[in-house]
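Written out below as structure tokens is the structure these notes cover.
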Amino acid sequence: MLQQTVVKTVIPYFHHFLGRWPSVAELARADLDEVLHAWQGLGYYARARNLHKCAQTVVRDHDGQFPDTEDGLRALPGIGPYTAAAVAAMAFGRKASPVDGNIERVVARLFAVTDPLPGVKGELRRLAEGLTPARRAGDHAQALMDLGATICLPRGPLCSRCPLQKGCDSHAQGIAASLPRRRPKAERPTRYGVAFCLFDDRGRLLLRRRPEKGLLGGMMEVPSTPWRETDWQPHEVTEFAPLSTNWQGLPGLVVHTFTHFRLELSVRTGTGGRPAGEAEIWQAPADLGDLALPTVMKKVLRHAL
DNA sequence: TATTCGTGGTA
DNA sequence: TTACCAAGAAT
């Protein structure tokens, strides 16, 4: 949960998850649908799918016990270099060097590394390994992360309060605030789509499940045109409607920003009925809380309802 | 190595 | 409002 997500956001999800699935075995037995539902709003939904798969792997291949080495952990779904090192050090007392965004920043400043990320990741990791003590490597890593989160801030580092100020190369050179440098990010294009909110004669709404892989994988959505980088002309849209009916365009747009593109959705509403196809369901608006809906779809539904 | 993955807080 | 970025991983 903490991968690329701030602690404050994670905490309520964490408690809810451990209340609902207190053990690896129970999580492994859960339906993926339930797991995605409990994850809704947290983002990066591949993490939920990987966590579920990871629990099943631990139960099936490791007798329900997590591997206690960095390499063993690294082989599990959703566990990469950071998480493997963090769990090895914090949970199992191993000497390992987890390097997150905070530690990258602290180390880059401590050693005045001026080459840009992400190219310099490997060097920062080697420098971090050189700082890691043989004992209490987990506490050491958490101390560096907390230093990064409270003192060695991304903008405006509080060097006067920093316990490492004396040994900090970038502070000596007066360039701490400018580190770490990053390769300029690609511009964020805008994509456009038309979303269809179809209601049957009982007031139920037609929803469909997105493909398992890719953006918002496995989450529910209202039917829509593809999301493309050119706007849609009215005559192009009809073939993507879930039904031929008297569609009404709603005023205004739903705007949502993802990691690598901005999305503008116009919303059309209509009435009509037909059997739900594969991966589709008719759902009463009052029961939308039972489904795994990404934030962008919550915005669409709030707009339409 | 570069891209593709969400969402919310903050300056 | 915009830009940045957060206990990164998979492809």
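Note on naming: letters A, B, ... go to the chains in the order of the sequence lines (proteins, then strands), and numbering restarts at 1 for each one.
If you check every strand for non-hydrogen atoms under 4.0 Å, T257(A) touches a base. Residue contacts shown for G214(A) are limited to sugar-phosphate atoms, with no base heavy atom under 4.0 Å away. As judged by a 4.0 angstrom heavy-atom cut-off over every strand, T5(A) is placed among the base-contacting residues. P294(A) comes within 4.0 angstrom of the backbone, heavy atoms only, and of no base.
The side chain of Q4(A) places an N or O atom within less than 4.0 Å of a non-bridging phosphate oxygen (OP1 or OP2) of dG8(C). Listed pair T259(A) / dT7(B) fails the phosphate criterion, with no side-chain N or O lying under 4.0 Å from OP1 or OP2. In this model, the phosphate group of dG6(B) is not approached by any side-chain N or O of H256(A) to a distance below 4.0 Å at OP1 or OP2. Within the structure, every side-chain polar atom (N or O) of Y44(A) is placed at least 4.0 Å from both OP1 and OP2 of dA6(C). Between H260(A) and dC5(B) there is a side-chain N or O to OP1 or OP2 distance below 4.0 Å.
Looking at which nucleotide of DNA chain B each of K8(A) and A186(A) is closest to, the 5′-most match is held by A186(A). Between R47(A) and K53(A), it is R47(A) whose nearest contact on DNA chain C lies nearer the 5' terminus. Between K185(A) and G101(A), the residue anchored closer to the 5' end of DNA chain C is K185(A), taking for each the nucleotide with the nearest heavy atom.
With hydrogens and angles ignored, the 3.5 Å screen pairs a side-chain donor or acceptor of E34(A) with a backbone N or O of D31(A).
For R155(A), counting side-chain heavy atoms from C-beta on, the closest listed nucleotide (dA9(C), dA11(B), dC5(B)) is dA11(B). Side-chain proximity of R183(A) to dA7(C), dT11(C), dT3(B): nearest is dT3(B). Nearest to the side-chain atoms of Q3(A) among the listed nucleotides dA6(C), dG8(C), dA7(C) stands dG8(C). Between dA9(C), dA10(C), dT7(B), one nucleotide has an atom nearer to the side chain of R74(A) than all others, and that is dA10(C).
Judged by distance alone, the side chains of R105(A) and N102(A) do bring a donor and an acceptor atom under 3.5 Å apart. Using modelled atom types and a 3.5 Å distance limit, the side chains of Q173(A) and S170(A) yield no donor-acceptor pair. In this structure, a donor-acceptor pair under 3.5 Å is present between the side chains of Q3(A) and T83(A).
The interatomic distance linking L2(A) (CG) with dA7(C) (P) rounds to 8 Å, in whole Å. When the C1' atom of dA6(C) is taken as reference, atom CG of D100(A) falls 9 Å away, rounded to whole Å.
Residues of residues 102-139 of chain A having a heavy atom closer than 4.0 Å to DNA chain C, listed by number: N102(A), R105(A).
Annotation: cation-pi pair R268(A)/W232(A) absent, no NZ/CZ under 6.0 Å from the ring centroid and within 45° of its normal.
Distance noted for atom P between dA7(C) and dC5(B): 23 Å (whole Å).
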